[in-house]
Amino acid sequence: GLNGFCYYGCLYMAQLYIDKDYRGQGWGTKLVQAAEEFGIAQGSKIFTVNTMDWEARGFYEKLGYTVM
């Protein structure tokens, strides 16, 4: 699952969780892409991710996100 919201032209993604049985199968990427498509449909021009999980950094960077 993925939790987030759109606000003032920005898509904020806060939580992404994939059950252990489904990890490594592309579901995380598909969920982020679906969220981005939703954000675009809502008029978002900025996409952000908030995570405290150091292991997630490489995943998001692989999808084109940068650390700020």
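Note: hydrogens, waters and symmetry copies are ignored here, and every other heavy atom, side chains too, is used. All figures in this text were calculated on a predicted structure; none of them were measured in a lab. Numbers here are sequence positions counted from 1.
- With sequence neighbours excluded, no residue forms a ring-ring contact (aromatic ring centres under 6.0 Å, His included) with Phe59.
- Looking at residues two or more places apart in sequence or on another chain, you find a side chain to side chain contact (heavy atoms under 4.5 Å, CB included) between Glu36 and Val32, Gln33, Phe47, Tyr65.
- Arg57 pairs by the salt bridge (charged side-chain N to carboxylate O under 4.0 Å, His left out) definition with Glu61, not counting sequence neighbours.
- Listed by chain and residue number, Cys6, Phe38 satisfy the side chain to side chain contact (heavy atoms under 4.5 Å, CB included) test with Gln42 (two or more places apart in sequence, or in another chain).
- For Tyr22, the side chain to side chain contact (heavy atoms under 4.5 Å, CB included) partners are Ile18, Asp19, Gln25, Trp27, not counting sequence neighbours.
- Linking ILVMFWY residues whenever their side-chain heavy atoms come closer than 4.5 Å, directly or via other members, places Leu63 and Val49 in the same cluster.
- Listed here is the closest heavy atom pair of Gly1 and Leu31: N-CD1, 3.8 Å.
- Taken from NZ in Lys62 to OG1 in Thr29, the straight-line distance is 4.0 Å, to the nearest 0.5 Å.
- Phe5 and Ile40 are members of different hydrophobic clusters when ILVMFWY side chains are connected at heavy-atom separations under 4.5 Å.
- In this structure the side chain of Tyr8 never reaches within 4.5 angstrom of the side chain of Lys45, judged on heavy atoms.
- Residues passing the side chain to side chain contact (heavy atoms under 4.5 Å, CB included) test with Ala56, sequence neighbours excluded: Thr51, Asp53, Tyr60.
- To the nearest 0.5 Å, atoms CD1 (Ile46) and CG (Leu11) are separated by 10.5 Å.
- For the atom pair CG (Asn50) and CG (Asn3), the distance works out to 11.0 Å, reported to the nearest 0.5 Å.
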